[in-house]
Protein chains: 2
Amino acid sequence: MAHEHKPLFDEAIQEMLNSLKTEDEMTEKQRRIMEAAIALFAEKGFHASSTSEIARRAGVAEGTIFKHFKTKKDLLYALIGPMFIKFASPLILKDVKQIINEDLPAEEVILKLYRNRLALLEENWPRMRIVLQEALFHPDIMNALLENLVKDARGLAEASVKNRIEQSEFRPLPVKAITRAIFSTMLGYVFFSKAFPDEYANEDKDKDLRDAVDILMYGIANKRPDSL
Amino acid sequence: MAHEHKPLFDEAIQEMLNSLKTEDEMTEKQRRIMEAAIALFAEKGFHASSTSEIARRAGVAEGTIFKHFKTKKDLLYALIGPMFIKFASPLILKDVKQIINEDLPAEEVILKLYRNRLALLEENWPRMRIVLQEALFHPDIMNALLENLVKDARGLAEASVKNRIEQSEFRPLPVKAITRAIFSTMLGYVFFSKAFPDEYANEDKDKDLRDAVDILMYGIANKRPDSL
DNA sequence: TTATGAAGTGAGTAATCACTCACTTAATTG
DNA sequence: CAATTAAGTGAGTGATTACTCACTTCATAA
């Protein structure tokens with residue numbers, strides 16, 4: 001597929017993506033190394049996790065790590081690189097675009113999108129946690145996150161919001177403000193469910209999400225929804 | 001060592017707070033050490049910042065650091081401890097309670113609270129950034145953050161929200177959902193202003209905040225506000 | 001069968017880590 | 001003045017760091 005006009009990842013990350021192996025091309029031990037690194041990086045952070053601890057946890061000699069990954073940082077990139085594909089590849093974005101263009105009520109579109117993205121986030125949580133955590137300290141990761149994930153998502157959202165404002169479906173507020181409200185609702189939901197996991201038992205999760213979307217739609221829609 | 005209970009941050013923090021010196025009791029060099037550590041911890045993280053780099057940046061011998069702080073972790077606690085006072089001391093919480101009880105329209109109360117907390121956050125940003133970042137990796141800091149800051153704030157908010165629901169000022173939704181919306185709005189505002197700082201030039205900042213509160217109030221109030 | 005090379009090992013490397021300590025300096029106090 | 005003490009120093013500590021390399025093992029291919 002052609003992706004030459006797209007802003008590329010940082011060189012280091014791009015390089016890593018090119019050398020990515022599919023799971024069945026990998027050795028058993030390489031897989032164990034990656035699993036151990038994911039667990040440790042997520043829990044203690046990249047800099048606080050040593051290669052010796054990764055090796056011990058993977059049940060592998062320390063040298064084996066460097067047979068598969070040139071440096072510790074390369075190992076990090078190999079872990080998080082796939083996340084940028086999973087969340088932003090053209091194929092996936094097509095899914096999102098399809099939901100947006102389905103000509104459903106805005107409330108259902110947003111609910112569907114939230115569920116879609118939240119499920120994806122949950123499936124890949126340990127790796128995404130690493131991405132979010134390490135982005136705070138590594139400018140290249142932060143850049144990739146903002147440029148490849150946030151920016152695209154925001155662009156899609158703003159286009160749709162603008163359209164719905166023009167059709168008087170949304171209130172005549174700044175596009176930026178409405179878009180921010182949409183993102184804030186999801187961000188806040190994720191924050192609360194991670195900060196107070198016991199309050200977000202599986203049964204109540206979707207009810208909570210629907211409450212959040214209810215408030216959001218009540219806040220941005222021009223006409224109040226008919227149903228509660 | 002690992003057999004005794006995890007030291008509660010309350011204890012560690014209390015100990016640290018007791019030994020805290022006011023700025024004019026501190027040596028010039030101690031102040032420089034703390035400034036250097038704040039800059040480095042905020043930018044690179046605690047584990048990625050070495051004491052030798054802190055010393056170099058502060059223009060001080062490495063041994064001097066340990067004359068003032070027993071360990072590197074004690075230095076961290078000395079930096080972030082005051083944040084828990086600034087944001088949660090009874091004195092400060094009285095300020096917040098006063099705003100809540102001022103019997104103003106909910107919209108103005110929320111706006112006032114947002115401005116109050118955001119100003120406090122901005123004034124202390126480098127240190128608060130360290131608190132938020134390191135909480136991800138240090139369970140004791142996370143615990144102090146949730147128990148001493150988030151929990152109290154949430155309690156206050158929920159009491160007020162419950163009251164306003166009973167008075168039909170807010171919609172009859174779960175208290176938790178409305179409270180979450182209030183926090184999400186501020187959280188999202190902070191996230192956007194940090195992620196896209198160039199879009200949040202000082203002049204537009206308050207307009208952006210008012211837009212956010214407008215949407216929030218529109219979403220949770222039983223009657224739409226009279227004015228835009 | 002032999003040759004090749006990837007997978008894996010673990011002892012070993014220099015560099016860096018947080019931290020210590022014997023020491024000097026300078027101000028305070030009895 | 002003599003004695004004490006806190007502030008500050010910088011060389012030095014053992015432990016740990018990311019990483020290397022000579023080596024073995026073993027499956028595959030010529």
Side-chain angles (χ1 to χ4, degrees), chain A residues 12 15-16 19-41 43-80 130 134 137-138 140, chain B residues 1-2 7 12 16 18-41 43-80 130 134 137-138:
Chain A
E15 195 176 322
M16 192 42 58
S19 68
L20 271 185
K21 298 173 178 174
T22 59
E23 285 231 349
D24 38 311
E25 283 174 326
M26 297 193 325
T27 309
E28 164 69 15
K29 300 211 169 182
Q30 181 174 2
R31 213 175 296 121
R32 289 224 304 274
I33 289 169
M34 295 182 78
E35 275 170 27
I38 288 173
L40 282 172
F41 288 169
E43 193 184 336
K44 307 173 50 172
F46 174 73
H47 279 291
S49 308
S50 67
T51 49
S52 71
E53 199 177 354
I54 294 171
R56 194 179 340 118
R57 185 149 175 165
V60 142
E62 200 172 346
T64 309
I65 294 177
F66 295 96
K67 268 272 151 33
H68 293 288
F69 309 96
K70 250 177 54 194
T71 66
K72 188 186 164 194
K73 194 149 195 175
D74 276 357
L75 170 56
L76 172 65
Y77 286 155
L79 297 180
I80 68 178
I130 297 172
E134 298 307 326
F137 307 121
H138 306 258
D140 53 343
Chain B
M1 47 180 241
M16 190 45 58
N18 292 339
S19 67
L20 268 187
K21 299 173 178 173
T22 59
E23 285 231 349
D24 38 309
E25 282 174 328
M26 296 195 323
T27 309
E28 164 68 17
K29 299 210 169 183
Q30 182 174 1
R31 213 175 298 122
R32 289 224 304 274
I33 289 169
M34 294 182 78
E35 275 171 25
I38 288 172
L40 282 172
F41 288 170
E43 193 184 335
K44 306 172 52 173
F46 174 74
H47 281 291
S49 307
S50 67
T51 50
S52 71
E53 198 177 354
I54 294 170
R56 196 179 338 118
R57 186 149 174 165
V60 143
E62 201 172 346
T64 308
I65 293 177
F66 295 95
K67 267 274 152 31
H68 294 288
F69 309 97
K70 252 177 53 195
T71 66
K72 188 186 166 194
K73 194 149 195 175
D74 276 358
L75 170 56
L76 171 65
Y77 285 157
L79 298 180
I80 68 178
I130 296 173
E134 298 307 326
F137 307 121
H138 306 257

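In what follows, every chain begins at residue 1, and chains take the letters A, B, ... in the order their sequences are listed.
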Heavy-atom closest pair, residues [X] and [Y]:
X       : Y       : value
B:Lys72 : B:Phe66 : N-CE2, 4.2 Å
A:Ala78 : A:Phe69 : CB-CE2, 3.7 Å
B:Ile54 : B:Ala36 : O-CB, 3.8 Å
B:Leu79 : B:Ile38 : CD2-CG1, 3.7 Å
A:Arg32 : A:Ala58 : NE-O, 2.8 Å
A:Ala37 : A:Leu75 : CB-CD2, 3.8 Å

Checklist outcome for this item: Taken to the nearest whole Å, NE2/B:His47 to P/D:dA18 is 12 Å
Item to check | Length of the CD-P vector between B:Gln30 and D:dA6, whole Å | outcome: 14 Å
Item to check | B:Val60, nearest nucleotide to its side chain (from D:dT9, C:dT9, C:dC17) | outcome: D:dT9
Checklist outcome for this item: Ordered by number, residues from residues 52-59 of chain A within less than 4.0 Å of DNA chain C (heavy atoms) are none
Checklist entry - So, A:Thr51 versus A:Glu62: side-chain donor-acceptor pair below 3.5 Å or not? => result yes
Checklist entry - Judged by modelled atom types alone, do B:His138 and B:Lys73 share a side-chain donor-acceptor pair under 3.5 Å? => result yes
Item to check | Salt-bridge present (A:Glu28, A:Arg31; N to O < 4.0 Å) | outcome: yes
Next on the checklist: So that I can tick it off, tell me whether B:Lys44 and B:Glu53 are bridged by a salt bridge, with the cut-off set at under 4.0 angstrom between side-chain N and carboxylate O.
Outcome noted: yes
Checklist entry - Taking the side chain as C-beta and beyond, is there a heavy-atom pair between A:Thr27 and A:Thr64 under 4.5 Å? => result no
Next on the checklist: Taking the nucleotide of DNA chain D with the nearest heavy atom to each, does A:Ala48 or B:Ile65 sit closer to the 5' end?
Outcome noted: B:Ile65
Next on the checklist: Taking the nucleotide of DNA chain D with the nearest heavy atom to each, does A:Ser49 or B:Thr64 sit closer to the 5' end?
Outcome noted: B:Thr64
What N/O pairs connect the protein and nucleotides 25-29 of chain D at under 3.5 Å? Give each pair on its own line.
none

Item to check | Letter per nucleotide, 5' to 3', of nucleotides 19-24 of chain C [B base touched, S only sugar-phosphate touched, - untouched; heavy atoms, 4.0 Å] | outcome: BB-B--
Checklist entry - Base, sugar-phosphate alone, or nothing: which one does A:Ser50 contact when heavy atoms must sit under 4.0 Å apart? => result sugar-phosphate
Checklist entry - Within less than 4.0 Å of OP1 or OP2 of C:dG8, is there a side-chain N or O belonging to A:His68? => result yes
